[in-house]
Amino acid sequence: MTVPAASAPFTALAPPEAAPVLRVAGVSKVFGHGTAAVSALDGLELEVSRGQFVCLVGASGCGKSTLLHLLAGLDTPTSGTLRVEGRTALMFQEAALFPWLTVAGNVALALRLRGVPRRERPGLVHSLLEMVHLQGFATRRPHELSGGMRQRVALARALAQDADVLLMDEPFGSLDAMTRDLLHAELERLWSDRRFTVLFVTHNVREAVRLADRVLVLTSRPGRVAACIDVEIPRPRRIETPAVSALAGEITEQLAREVQRHGHA
Amino acid sequence: MATRETLARQVAGLDALDIPATPVVGRRLRLWRAAWPKLAALTIVLGLWQAVVWSGWKPDYLLPGPAAVFSELWERLADGTMVTAVGVTLRRAALGFSLAFLVGAAVGSLVSRVAVLRTAVGSLITGLQTMPSIAWFPLAIMLFKPTEAAILFVMVLGAAPAIANGLIAGTDHIPPLLLRAGKVLGARPVALYRHVILPASLPSFVAGVKQGWAFSWRSLMAGELLVIIAHRHSIGEQLENARTLAAAEWIMATMIVILVIGILVDALVFGTIDRVIRRRWGLLDTAG
């Protein structure tokens, strides 16, 4: 477990034996121009190896969402390079389902846009919905579902993209604790079955420790990696166990020190 | 740690608790709930009309009561003149509205996609909507002579801006999150337009089309009053003839026909489409 001082910019490199599936090199992102310019990311260095579950934690304004948008190709960096081996899928904080389509239709559209032939789609839709335990809700509309169910449809839709890297932007942030715990278990199960790579952004440190192989702490304004913690608690984990709490406590202290720095500026 | 089966059961249980319960209301009860306020309002209006007639404010030959007007309407329906007139007018309505729809949809989709066009003619389209359609008729009659073409010309000018505006407003107000979701799924511009932008702007487009119908119906009535084509019965022509003969029952019977057609098309055609879309999107409670 490495917990270096927050002041030194830290480079999170993947273990040498595994080739990185995702590499961020010297990436900066500045919004606006001149005096109004805000630097969201500044020379970010980051590597994630294949099949790893990495959580990014940081206070607000550390450019977590910006990084995911850059990786998903929704935006371009001001400088630096991003490289992803294979395809990415992005899940938002809100489910962002299309209200004019049914649950099955939403998942099927992802398949269609990926180029899956028409006759193969219904079977795939069914098995994807089965994965998130929603096979009985295929003909419902998004507005007829609860928040947790919608987020599971969004997960099925992201899985439908058959991406190598699943980017998740605080996907469970707006759910109640019980639903969230269940979704953690679901996500962990799917991840261990299918072995995709996950980059999961959250401001909830316990959630990060519960899920991740590796937690990266980002500094705020501009965002850099301040610390990198390998979580060695055996899986399956539960969010309320002492081991998870203890490590989460340590990381939270780091974050607190990181946030305090801004008070003196 | 929960096993897979217990996890699945927990998820199913939570889902069952989470799903919003919708009260089940019978079809007949729902129809009655929708119908009775309308019936009550109609009765009150007819009652007030009759009360004004009985008050003796105007003599009967200028302001006839409901009974006289409805018997006049019945006669005109029975002898076929009103039926022919309604047929001609509805044909014009369908033709003019379809043209307006095509023009409006084409202009709207172009303007909403092309930024330069947008700045150039965006406000012009809104401006056109404020122009009373009757003001176009002198020009239309000069250009097309007093023919059906003149009427159709004004109908298109009256209705197309509303339809175009509906489409433009619809594409303007798509939640950015849905556009992002579409891009993340790998939709290139054409696919994004077809699978996200077009369906997302549908509710606003339907509202624009509904407004377009109201405008084209008004333009049509104004046109039929002004542009009388010889030996051609139409609703507007009936109204104009009734006015020349100072036949109050005939005037009011024709007005009722105009009102009823306008309401029926609005409620049955566009109201239904609008309701279906809103229900699918979850923008509407099942009651109502």
Side-chain angles (χ1 to χ4, degrees), chain A residues 68-69 72-75 87-102 106 109-115 130 132-134 136-137 140-150 152 154 157-158 160-161 163 167 176 178-179 181-183 185-186 188-189 193 235-238, chain B residues 1-22 170 173-206 273-274 276-286:
Chain A
L68 292 195
H69 285 188
L74 287 175
D75 209 343
R87 283 197 300 264
T88 58
L90 172 59
M91 251 182 96
F92 304 92
Q93 182 165 6
E94 286 150 80
L97 302 175
F98 301 118
W100 55 88
L101 295 175
T102 59
N106 270 282
L109 181 59
L111 293 172
R112 179 172 179 176
L113 291 172
R114 200 184 99 202
E130 222 164 29
V132 295
H133 302 293
L134 283 174
F137 296 90
R140 301 287 189 109
R141 305 258 165 200
H143 71 93
E144 296 175 293
L145 306 179
S146 70
M149 293 165 85
R150 267 179 245 161
R152 269 149 56 207
R157 183 173 70 173
Q161 291 180 260
L167 307 167
D176 64 274
M178 193 167 176
T179 309
D181 287 353
L182 280 172
L183 282 172
E186 292 263 288
E188 189 173 54
R189 175 178 64 79
D193 282 355
R235 293 181 192 271
R237 302 174 192 149
R238 294 179 66 106
Chain B
M1 180 62 196
T3 64
R4 271 174 199 206
E5 288 66 39
T6 54
L7 179 62
R9 274 205 301 280
Q10 276 176 21
V11 169
L14 208 55
D15 287 349
L17 291 172
D18 265 346
I19 291 225
T22 42
H173 296 127
I174 298 174
L177 184 64
L178 291 185
L179 288 178
R180 253 182 267 149
K183 283 183 196 154
V184 164
L185 291 180
R188 306 272 134 243
V190 175
L192 192 70
Y193 191 73
R194 150 124 176 58
H195 293 293
V196 181
I197 296 173
L198 218 52
S201 57
L202 198 60
S204 167
F205 180 56
V206 169
I273 298 173
D274 198 41
V276 167
I277 289 176
R278 285 167 152 284
R279 184 163 298 151
R280 282 188 168 191
W281 285 51
L283 300 170
L284 187 79
D285 289 321
T286 33

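We name chains A, B, ... by the order of the sequence lines, and we start the count at 1 in each one.
- Interface remark: A:Thr179 contributes backbone and side-chain atoms alike to the contact with chain B (heavy atom separation under 4.5 Å).
- Proximity to chain B (any heavy atom under 4.5 Å) is shown, for A:Arg87, by neither the backbone nor the side chain.
- For B:Leu178, the parts sitting under 4.5 Å from any heavy atom of chain A are the backbone and the side chain alike.
- Other residues, nucleotides and ligands contribute over 12 non-hydrogen atoms within 6.0 Å of the CZ atom of A:Arg140.
- Judged by distance alone, the side chain of B:His195 and the main-chain N or O of A:Leu113 form no donor-acceptor pair under 3.5 Å.
- Residue B:Arg9: no heavy atom, backbone or side chain, is found under 4.5 Å from chain A.
- Smallest separation of non-hydrogen atoms from A:Ala96 and B:Ala181: O-CB, 3.7 Å.
- For A:Leu90, the parts sitting under 4.5 Å from any heavy atom of chain B are the backbone and the side chain alike.
- A:Gln161 places a side-chain N or O within donor-acceptor distance of the main-chain N or O of B:Val184, the cut-off being under 3.5 Å.
- Distance check: A:Asp176 CG to B:Leu14 CG gives 6.5 Å after rounding to the nearest 0.5 Å.
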Would you please test A:Arg152 and B:Val11 for side chain to side chain contact (heavy atoms under 4.5 Å, CB included) and show each step?
CA-CA 11 Å; A:Arg152 269 149 56 207; B:Val11 169; 3.0 Å; yes
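- The choice from A:Leu101, A:Asp193, A:Leu134 that makes the most heavy-atom pairs within less than 4.5 Å of chain B is A:Asp193.
- No part of B:Ala12 comes within reach of chain A, as not one of its non-hydrogen atoms sits under 4.5 angstrom from that chain.
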